[in-house]
Engineer: 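Below are the structure tokens for one structure; questions will follow.
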Amino acid sequence: LTQNAVVKADAPYVDPNSKAEVPSENFVELLVRMNEVLEKLNNRAKNLEVSPGNKRPLICMYGHSMAGAAISVLTANGKQVDGRSCLGFDGKYIMPNATPVFLERES
């Protein structure tokens, strides 16, 4: 792992079609943003009808690359770096691409 959680690109990403700029962010900033997303989802889920049998609603979301890694870390599903005591956020430590992952199951 050669990346650092607080490093980010010097310049924003520029969409080649729209020319819109997307500010760069580091992994710590991404964790904060994804936490806000999870809080919004939790608040919306509170108002959803309970299905027959009192089952909680199933919420699906798409996250890839470092955003997926952030969601994994925030939901206690992060992947520990091989041979180390820290969580990874890049390479093989991100969520599997296009593979459903349950982040929370009923106990």
Side-chain angles (χ1 to χ4, degrees):
L1 289 171
T2 59
Q3 293 196 20
N4 186 303
V6 294
V7 172
K8 64 182 173 182
D10 291 335
Y13 169 77
V14 179
D15 183 292
N17 296 319
S18 69
K19 306 300 183 216
E21 291 188 355
V22 178
S24 61
E25 63 186 345
N26 61 42
F27 189 67
V28 173
E29 293 166 332
L30 181 60
L31 280 169
V32 171
R33 186 165 58 90
M34 290 296 101
N35 189 61
E36 291 169 357
V37 168
L38 290 174
E39 286 178 358
K40 285 180 185 178
L41 282 174
N42 281 334
N43 287 331
R44 289 181 184 170
K46 288 178 190 175
N47 299 322
L48 294 176
E49 260 184 60
V50 176
S51 64
N54 293 324
K55 298 265 184 181
R56 293 181 306 159
L58 178 63
I59 299 173
C60 297
M61 64 182 294
Y62 174 79
H64 68 93
S65 193
M66 285 185 18
I71 294 294
S72 293
V73 168
L74 291 167
T75 58
N77 292 284
K79 296 179 182 176
Q80 187 171 333
V81 176
D82 297 337
R84 308 223 2 229
S85 61
C86 58
L87 298 174
F89 60 90
D90 195 20
K92 70 180 186 175
Y93 305 106
I94 64 173
M95 290 178 108
N97 188 26
T99 303
V101 176
F102 278 95
L103 298 176
E104 182 177 341
R105 291 182 185 261
E106 291 180 332
S107 47

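Everything numeric in this text was worked out from a predicted model, so none of it was measured.
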Engineer: Rounded to the nearest 0.5 Å, what separation is found between the CG atom of L30 and the CD atom of E25?
Structural biologist: 4.5 Å
Engineer: Do V28 and V73 belong together in a cluster built from hydrophobic side chains that touch within less than 4.5 Å?
Structural biologist: no
Engineer: Report the hydrophobic cluster partners of V14, with the cluster defined as I, L, V, M, F, W, Y residues connected by side-chain heavy atoms closer than 4.5 angstrom, directly or transitively.
Structural biologist: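 Other cluster members: none.
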Engineer: How close do G78 and L87 get, counting heavy atoms only, and between which atoms?
Structural biologist: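 In this case the closest contact between G78 and L87 is C-CD2, 3.9 Å.
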Engineer: For the hydrophobic clusters of this structure (ILVMFWY residues joined by side-chain heavy atoms under 4.5 Å, transitively), does one cluster hold both L31 and L41?
Structural biologist: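 L31 clusters together with L41.
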Engineer: Could you check whether any side-chain N or O of Q80 sits under 3.5 Å from a backbone N or O of R84, counting only pairs where one atom can act as donor and the other as acceptor?
Structural biologist: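 Yes, the answer is positive, given that a donor and an acceptor are paired below the 3.5 Å cut-off.
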Engineer: Between atom CD1 of I71 and atom CG of L38, what is the distance when rounded to the nearest 0.5 Å?
Structural biologist: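 Output value for this atom pair is 4.0 Å.
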Engineer: Considering non-hydrogen atoms only, spot the tightest contact between S24 and A9 and give its length.
Structural biologist: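 Reported closest heavy-atom pair: OG-O, 2.9 Å.
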Engineer: So, N43 versus E39: side-chain donor-acceptor pair below 3.5 Å or not?
Structural biologist: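 E39 and N43 do not have a side-chain donor-acceptor pair below 3.5 Å.
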Engineer: V22 vs D15, test: side-chain contact (heavy atoms from CB on, under 4.5 Å). Steps then yes/no.
Structural biologist: CA-CA 8 Å; V22 178; D15 183 292; 5.9 Å; no
